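Input: a single structure, listed below in structure tokens.
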2 protein chains.
Amino acid sequence: MSETTALTRQAQKERTRQAILDAALELSGTVGFAQVSLRQVTREAGVVPTAFYRHFSSMDDVGLALVGQSFETLRAMIRDAQRDPDTFADIIDASAEILVRVVKQNKAHFGFVARERTSGSPLVREAIQRELELFISELAVMLARLPNIDSWSGEDVKMASGLFVRNMVYRAEQVIGIPDGRTDLEEDIKRKARREMRLIVLGFRDWKS
Amino acid sequence: MSETTALTRQAQKERTRQAILDAALELSGTVGFAQVSLRQVTREAGVVPTAFYRHFSSMDDVGLALVGQSFETLRAMIRDAQRDPDTFADIIDASAEILVRVVKQNKAHFGFVARERTSGSPLVREAIQRELELFISELAVMLARLPNIDSWSGEDVKMASGLFVRNMVYRAEQVIGIPDGRTDLEEDIKRKARREMRLIVLGFRDWKS
DNA sequence: ACGTTCAGTGAACGTGCGTACACTGAAATT
DNA sequence: AATTTCAGTGTACGCACGTTCACTGAACGT
């Protein structure tokens, strides 16, 4: 537009699309996605309201795109965890560390999932529920490869995975609520997350006998 | 207005107030409280929009009243559980039964709490968070009186209470999503809720040693 | 070089919203 | 019986919304 005209048409379009997504994500942080209006989003993105339709057919469409982006972030987190050598040394300590770090870096995405999981547009809500179920299954597969766990039944592994993920979502909600720089509160959340994960693992040990 | 004029002014006012609350609760079930408008509520309640202000100063005000009503329902549930003789025979089985039964009977209130806990008006959200924390503490006090638990540390009891309540909220979300009459799905939820509660209790047994 | 494509524009529309204000009429008070 | 109170009415307002449509002009394909 004003500054760089050295952009191909396709790239410029993609840039605007992303600006709309970013605006929607940020605005939904303060007030919830469902009450963010199309006009607010385009205003924030720096385009005229009607330009919106060049990229999305409705706000629901935007919501679904944000679900996709958010779960990409989430999957990146477990990939991160799998690469980390500490994970194998002590999976619980490592998980708590990674959880807090990644959530802090991606407050918007995690907040979006936690918030819109239970409310807002039915379409967006269902998409999140589906993705979360899928994510739990994926994590279950990953857990099943761990020593000590490989002997559990499929249903048990899934149950453990579900407990971990729900705990993760809950702790993520808390991390998002923390003001920047309060590392003491972060440590407290890590501690509680570790305690709970340990408790669950401990329960499973006896569960099998 | 039309039918019974045999009502005192105060009683009639209370009746309208409750009609507004009922309307708001029902409408928020399909779409989320924050997107329910003042005009929709009064339409549903059978009064003119401006009459709203005779009872509430804003929709936030209505939301807070609904939080109050919802937690009254929740507290009635644990009072119910405490009276039930089965509770002492097997607290886990009894809890699962009571949870499903009470949630089924009060879908609207439980749904309201589960939904508005993370989204919607900041005021309403914070009120729910506060009430939930309080509820967890109350349950912790109740749990601490149980045999086998009375030796745990305060923090441990609180942690167990938190795990139970979060599990309860999650299972309540599921019960609400069940179509009426699908007792098979209900039984499945009860089974899973029992498994998880048992797992947590099991973990605690070793935790202490 | 030239015609086509299409991301972004700008004006206009109908609608539902929250809220103000002056009102009415029956219940409550005197 | 006369007066006051006040829950509910009806009109009217300005505003933000989603969506329509005809448009512009730079990047693109030829």
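Values below: every heavy atom of this structure, side chains too, minus hydrogens, waters and symmetry copies. Order of the sequence lines sets the chain letters (A, B, ...), proteins ahead of strands, with each chain counted from 1. The structure displayed is predicted, hence computed values, not measured ones.
Evaluation of atom-type donor-acceptor distances gives no pair under 3.5 Å for the side chain of Arg39(B) against the base of dG16(C).
Under 4.0 angstrom from either OP1 or OP2 of dC28(D) there lies at least one side-chain N or O belonging to Thr8(A). Not one side-chain nitrogen or oxygen of Gln12(B) sits closer than 4.0 Å to the OP1 or OP2 atom of dA26(C). An OP1 or OP2 oxygen of dC17(C) is reached within less than 4.0 angstrom by a side-chain nitrogen or oxygen of Arg43(B). Within the structure, a side-chain polar atom (N or O) of Thr16(A) is placed less than 4.0 Å from OP1 or OP2 of dG8(C).
Atom CZ in Phe52(A) sits roughly 18 Å away from atom C1' in dC6(C) (whole-Å rounding). Rounded to a whole Å, the NZ atom of Lys13(B) is 15 Å from the P atom of dT5(D). Atom CD in Gln10(A) sits about 17 Å away from atom C1' in dG8(C), given to the nearest Å. Residue Asp61(B) contributes atom CG, which lies 12 Å from atom P of dT19(C) at whole-angstrom precision. Between the CZ atom of Phe56(A) and the P atom of dG8(C) there is a distance of 11 Å, rounded to whole Å. The nearest whole Å value for the distance from the NE2 atom in His55(B) to the C1' atom in dC6(D) is 11 Å. To the nearest angstrom, C1' of dC28(D) lies 15 Å from CG of Leu7(A). Distance Arg54(A) CZ to dG25(D) P: 16 Å, rounded to the nearest Å.
Within 4.0 Å (heavy atoms only), Val48(B) reaches at least one base atom of the nucleic acid. Within the nucleic acid shown, Arg17(B) has no heavy atom closer than 4.0 Å to any nucleic acid atom. Counting any heavy atom pair closer than 4.0 Å across all strands shown, Thr50(A) reaches a base atom.
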Does Val201(B) form a side chain to side chain contact (heavy atoms under 4.5 Å, CB included) with Phe164(B)? I'd like the steps, not just the answer. CA-CA 10 Å; Val201(B) 170; Phe164(B) 280 134; 4.0 Å; yes
Start with the C-alpha gap between Val175(A) and Phe110(A), add the side-chain angles, then the distance that decides, and say whether side chain to side chain contact (heavy atoms under 4.5 Å, CB included) holds. CA-CA 10 Å; Val175(A) 172; Phe110(A) 280 87; over 6 Å; no
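Nucleotide dA7(D) forms a pair with dT24(C), judged by Watson-Crick or G-U wobble geometry with both contacts under 3.5 Å.
Closest to the Tyr53(A) side chain, of the nucleotides dT9(C), dT19(C), dT19(D), is dT19(D). Between dG8(C), dG8(D), dC17(C), one nucleotide has an atom nearer to the side chain of Gln40(B) than all others, and that is dC17(C).
The heavy-atom pair separating Gly120(B) from Ala34(B) by the smallest distance is CA-CB, 3.8 Å.
With respect to the salt-bridge test (charged N to carboxylate O, under 4.0 angstrom), the residues Glu187(B) and Lys190(B) qualify.
With Asp93(A) as reference, Arg194(A) is the one residue of Arg194(A), Arg195(A), Arg191(A) to meet the salt bridge (charged side-chain N to carboxylate O under 4.0 Å, His left out) rule.
The residue among Arg9(B) and Pro49(B) whose nearest nucleotide of DNA chain D is located toward the 5' end is Arg9(B).
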